[in-house]
Amino acid sequence: MRDSSFFEHVYEVVRLIPPGRVTSYGAIAEYLGIRGSARMVGWAMNAAHGQVTNVPAHRVVNRKGLLTGKHHFGSPALMQQLLESEGVRVDEDQVTDFAVHFWNPATELKIA
DNA sequence: TTGCTGACCGACG
DNA sequence: CCGTCGGCCAGCA
């Protein structure tokens, strides 16, 4: 890591998100040490969706658990569909039991 | 180099 | 509940 842009760091973390789990842009940003710059994380996703990278961006939602980036999946319903197929219930563009499905890299990866 | 933008976040009124 | 503002940083014209 640190050879490529910080996008690579973001991609790595996102790829580490287990199926059926979700995290927030801010959590990833904080893990990368750019806490105030959660925007960059979302922006990295924007750059990732067109790349060959296997980045499960659908597992990344905002702080409230809202699927803010669903409009960037080609189809607004795709993100929710992907999440539900992994066992994550989504209601009103919001992840239900967000706290349960929440996966914090700063915590999960720290233990390991 | 400057200036604008962005899949955010938190605070304020 | 809604709109607005500041901050944070990287990419691009």
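Throughout, a chain's letter reflects where its sequence line sits, starting with A, and its residues are numbered from 1.
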Completion exercise
With sequence neighbours left out, the residues meeting salt bridge (Lys or Arg N to Asp or Glu O under 4.0 Å) with A:Glu108 are none
Problem - Residues clustering with A:Val95 (ILVMFWY side chains joined when closer than 4.5 Å, directly or via others) - result: A:Val22, A:Val61, A:Leu67, A:Phe73, A:Leu78, A:Met79, A:Leu82, A:Leu83, A:Val88, A:Val90, A:Phe98, A:Phe102
Handout entry: By side-chain contact (heavy atoms from CB on, under 4.5 Å) - contacts of A:Ala77 (at least two apart)
Key = none
Exercise for the section: Can you run down the salt bridge (charged side-chain N to carboxylate O under 4.0 Å, His left out) pairs that involve residues 19-43 of chain A, sequence neighbours left out, and say none if there aren't any? Expected result: A:Glu30-A:Arg35
Practice task
Pick base, sugar-phosphate or nothing for A:Ala29, based on heavy-atom distances below 4.0 Å to the nucleic acid.
Solution key: nothing
Completion exercise
Its 5'-most and 3'-most nucleotides having an atom under 4.0 Å from a non-hydrogen atom of chain A, DNA chain C is contacted over C:dG7 to C:dG11
Completion exercise
Contacts of A:Arg63 meeting salt bridge (Lys or Arg N to Asp or Glu O under 4.0 Å) (sequence neighbours excluded), chain-then-number -> none
Fill in the blank from the handout: Under a 4.0 Å heavy-atom cutoff, the residues of residues 72-94 of chain A touching DNA chain B are A:His72, A:Phe73
Handout entry: Positions of residues 32-39 of chain A (non-hydrogen atom under 4.0 Å from DNA chain C), listed by number
Key = A:Gly36, A:Ser37, A:Arg39
Problem - Where at least one partner belongs to residues 78-92 of chain A, residue pairs that pass salt bridge (charged side-chain N to carboxylate O under 4.0 Å, His left out), sequence neighbours excluded - result: A:Arg59-A:Glu86, A:Arg89-A:Asp97
Exercise for the section: Identify, with sequence neighbours excluded, every residue that meets side chain to side chain donor-acceptor pair (under 3.5 Å) alongside A:Arg15. Expected result: none
Handout entry: Those residues that, when tested against A:His49, pass side chain to side chain donor-acceptor pair (under 3.5 Å) (two or more places apart)
Key = A:Asn46
Exercise for the section: Hey, could you give me each pair passing salt bridge (charged side-chain N to carboxylate O under 4.0 Å, His left out) that has a residue in residues 65-82 of chain A? Not counting sequence neighbours. Expected result: A:Lys70-A:Asp93
